[in-house]
Peer 1: 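First the structure, then my questions, so here it is.
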2 protein chains.
Amino acid sequence: MPVTIKDIARQLGISYATVSRALNNKYGVDPQTRQQVLETAQSLHYRRNDLARGLVKQRTATIGLIVPDITNPFYPEVARGVEEAAHEAGYSVFLCNTAWEQERELLYVRLLAEKRVEGLIIAPTAQTAETIETLLTGQIPVIYVSDTQNNLHSSFIAIDNVRGGYLATEHLIQKGYYPIAYLGALEDSLTNEERCTGYIQALKQYNFSEEPLLYIGSYHSQTAYQIMCERIAESNVPRAVFAVNDLFALGAMQAVREHGLRIPQDVAIVGFDDIPLASFPEIQLTTVAQPKREMGQLAFAMLQQRMTSPTSPPQRTLLEPHLVIRKSS
Amino acid sequence: MPVTIKDIARQLGISYATVSRALNNKYGVDPQTRQQVLETAQSLHYRRNDLARGLVKQRTATIGLIVPDITNPFYPEVARGVEEAAHEAGYSVFLCNTAWEQERELLYVRLLAEKRVEGLIIAPTAQTAETIETLLTGQIPVIYVSDTQNNLHSSFIAIDNVRGGYLATEHLIQKGYYPIAYLGALEDSLTNEERCTGYIQALKQYNFSEEPLLYIGSYHSQTAYQIMCERIAESNVPRAVFAVNDLFALGAMQAVREHGLRIPQDVAIVGFDDIPLASFPEIQLTTVAQPKREMGQLAFAMLQQRMTSPTSPPQRTLLEPHLVIRKSS
DNA sequence: GTGAAAGCGCTAACAT
DNA sequence: ATGTTAGCGCTTTCAC
């Protein structure tokens, strides 16, 4: 049985209210008493019980952060941003990983709500926003990060994926590559759709005769690799590939290189995210950069705003994407 | 103000004890009553308060996982293993990232203890074990992962770093490379030291005339890169490099390649961890593999054992490292 | 099958 | 400056 403030009070022969006051640096405690309390707390290895504290204070100073894939370097970067900002504001953050499973996502939302986190930042697996909203029913403010949301009452911060897709594709078109394929995922769907929309827009804009070439697979690390391998086996290789994210681009790159094709001479590749690896010498992946860390920080700032004034109107922040051209295209 | 079981009870004109029973699927509740309770709970958007529940039950079904660097692909993999195992056992896990800051690590230990997690899995930043132990004073079971511990009363699961360092260096020696440098970090110290010890052992074993060549820097993503750049600038490039981990190896690789040197013809490189990238075609990094996912799963299994029988003797698991030879050496 | 009541560890009035 | 007390939301005896 852990030590409580009552144990301290008993040992000192004082009331436990005084102990509480001393421990929390409140006014009206004799400096000497406080000193004694602090000392016995130390010697008894007292640890305050945040469950009890949260229960009475109706505050936990904790937020939840739910990400779909901790294995994709993009999300850890965002997470660090959130963490930095939260830490500075006196909040601690509980990070949960859903591994692209929608069921887990809802589980964690429920769990975090039950643990009474004061806010939630979610990089959703798909268009689960509706479900999440009904699950929370406005009880806890939510900020969606790296994912736009259709329903107008929810706040999000994301990059302009359509524009990003457009920029990437435009670049490939201007380089004269033809045909250009889009390599995407089923999950991650809204993000995926938007980037794909940008791709199609660019195609239409510049060359309406070119049909979209969509390679869509499930979101596993090997998907992009496999899809490209199949195309190569069929001798049906596109001149250029725009991948929904850098991990997919890397998978494609791997497949292309393993089959002795050169980048960009045989196949040009563009990704999305600008993960640390993209700038690596032998990778040199052209990609649409996202301000990951900043997105995390901003997400927390938005959340804090909603935590302090829940009635404020939802914020919908769309960041400008920025194409980073490297040797892969 | 959130909905409580009292609200449900009031609306139904029953006592809230019954509501609690119904909600928890306890015996002795009229099926019809239960049904009604469930329905009103739903319609009122009731969410149970885990703070209150944990307070009375003295259980939270939650564990904490503290990692030093979520940005290093090694840790997310371990984290997934922990999560999988924990989830299966009905525990949820709160992941905390210390960013290699010892102060933060202690902060999180304290925080998680106050939140009454039932167990802690820590991949420590350094030899903080002593401090952590005194902080917890046996109140919460701890498993150290990916880090051996000197004090015999603590449990850990780690790879045999000395052996790993030995294997890597032995490989480079047998390839005939000379001189061989060790590229390590200040932080991560015990792990670092052990791998370095293995390196020195191999050197002594095979060629006692060769002096250890130690390149030690702080643990930032750019450190390895910078150190190697300096050596290259000085025209003082070792024939081979054994790096404390794959991220360092990658940094070295980047420096080497940017300066027009070839791998392994000019400089051979070996890493440690076998992160997903290591097998990438144009990387092909020889490395000491660690069973990351399994380590996470085992860590949880060990923790569970200690949570159920806290008096059981500490377990000290040392896994066998496995050298994966690729083109970089 | 259900209600009344105690109590988990703590904070915050309200007294003194 | 300190003690007393109520109560946060819940589970769990113990009655009935």
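Fair warning: this is a prediction, and the values are worked out from it, not measured in the lab.
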Peer 1: Can you list every salt bridge (charged side-chain N to carboxylate O under 4.0 Å, His left out) pair that touches residues 25-35 of chain B, not counting sequence neighbours?
Peer 2: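 Qualifying pairs, neighbours excluded: none.
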Peer 1: Can you measure from CD (A/Glu77) to CE (A/Met295) and round to the nearest 0.5 angstrom?
Peer 2: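 These two atoms lie 11.5 Å from each other.
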Peer 1: Do the charged groups of B/Arg53 and A/Glu114 touch, with an N to O distance under 4.0 Å?
Peer 2: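 Answer for the salt bridge query: no.
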Peer 1: For a 4.0 angstrom threshold against heavy atoms of chain A, report the outermost contacting nucleotides of DNA chain C in 5' to 3' order.
Peer 2: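 Boundary nucleotides touching chain A, in 5' to 3' order, are C/dG9 to C/dA13.
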Peer 1: Closest heavy-atom contact between A/Ala22 and A/Leu38?
Peer 2: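 Taking A/Ala22 first and A/Leu38 second, the nearest heavy atoms are O-CD1, 4.2 Å.
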Peer 1: Please give the angle, rounded to 10 degrees, between the axes at the start and the end of the helix from C/dG1-D/dC16 to C/dT16-D/dA1, where five pairs define each axis.
Peer 2: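 So the angle between the two local helix axes works out to 40°.
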Peer 1: Could you check which residues of residues 20-43 of chain B get a heavy atom under 4.0 Å from DNA chain D? Sort them by number, please.
Peer 2: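 Heavy-atom contacts with DNA chain D come from B/Ser20, B/Arg21, B/Asn24, B/Lys26.
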Peer 1: Looking at residues at least two apart in the chain, or sitting in another chain, which of them share a side chain to side chain donor-acceptor pair (under 3.5 Å) with B/Thr98?
Peer 2: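 So B/Thr98 forms no side chain to side chain donor-acceptor pair (under 3.5 Å) with any residue.
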Peer 1: Could you check how far CG of A/Leu12 sits from C1' of D/dA1, rounded to whole Å?
Peer 2: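 In whole Å, D/dA1 C1' and A/Leu12 CG are 15 Å from each other.
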Peer 1: With sequence neighbours left out, write down each residue that passes side chain to side chain donor-acceptor pair (under 3.5 Å) with A/Ser15, or none if nothing qualifies.
Peer 2: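 A/Ser15 satisfies side chain to side chain donor-acceptor pair (under 3.5 Å) with A/Thr18 once adjacent residues are dropped.
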Peer 1: What residues form a side-chain contact (heavy atoms from CB on, under 4.5 Å) with A/Thr40, not counting sequence neighbours?
Peer 2: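 A/Thr40: side-chain contact (heavy atoms from CB on, under 4.5 Å) contacts with A/Ile8, A/Gln11, A/Leu12, A/Ser43.
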Peer 1: Of all residues at least two apart in sequence or in a different chain, which pass the side-chain contact (heavy atoms from CB on, under 4.5 Å) check with B/Gln58?
Peer 2: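 If we apply the side-chain contact (heavy atoms from CB on, under 4.5 Å) test to B/Gln58, skipping adjacent residues, the hits are A/Met1.
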Peer 1: Between OG of A/Ser155 and CD1 of A/Ile143, what distance do you get to the nearest 0.5 Å?
Peer 2: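 Output value for this atom pair is 4.5 Å.
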Peer 1: Scan for salt bridge (charged side-chain N to carboxylate O under 4.0 Å, His left out) pairs involving residues 10-25 of chain B, sequence neighbours excluded, and state none if there are none.
Peer 2: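 Listed once each, the pairs are B/Asp7-B/Arg10.
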Peer 1: Can you tell me if A/Thr62 and B/Lys115 form a side-chain donor-acceptor pair at under 3.5 Å?
Peer 2: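 Their side chains do contain a donor-acceptor pair, which is all the 3.5 Å distance test asks for.
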Peer 1: Mind calculating the distance between NZ (A/Lys6) and C1' (D/dT4) to the nearest angstrom?
Peer 2: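 Rounded to whole Å, this separation is 12 Å.
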Peer 1: Under the ring pair (Phe, Tyr, Trp, His ring centres under 6.0 Å) test, which residues partner B/Tyr91, sequence neighbours left out?
Peer 2: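 With sequence neighbours excluded, B/Tyr91 shows a ring pair (Phe, Tyr, Trp, His ring centres under 6.0 Å) to B/Phe300, given in chain and number order.
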Peer 1: For A/Phe94, give me all partners under ring pair (Phe, Tyr, Trp, His ring centres under 6.0 Å), at least two apart in sequence or on another chain.
Peer 2: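 So A/Phe94 forms a ring pair (Phe, Tyr, Trp, His ring centres under 6.0 Å) with B/Phe94.
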Peer 1: Quick one, which residues of residues 44-61 of chain A touch DNA chain D with a heavy atom under 4.0 Å?
Peer 2: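 Nucleic-acid contacts, sorted: A/Leu55, A/Val56, A/Gln58.
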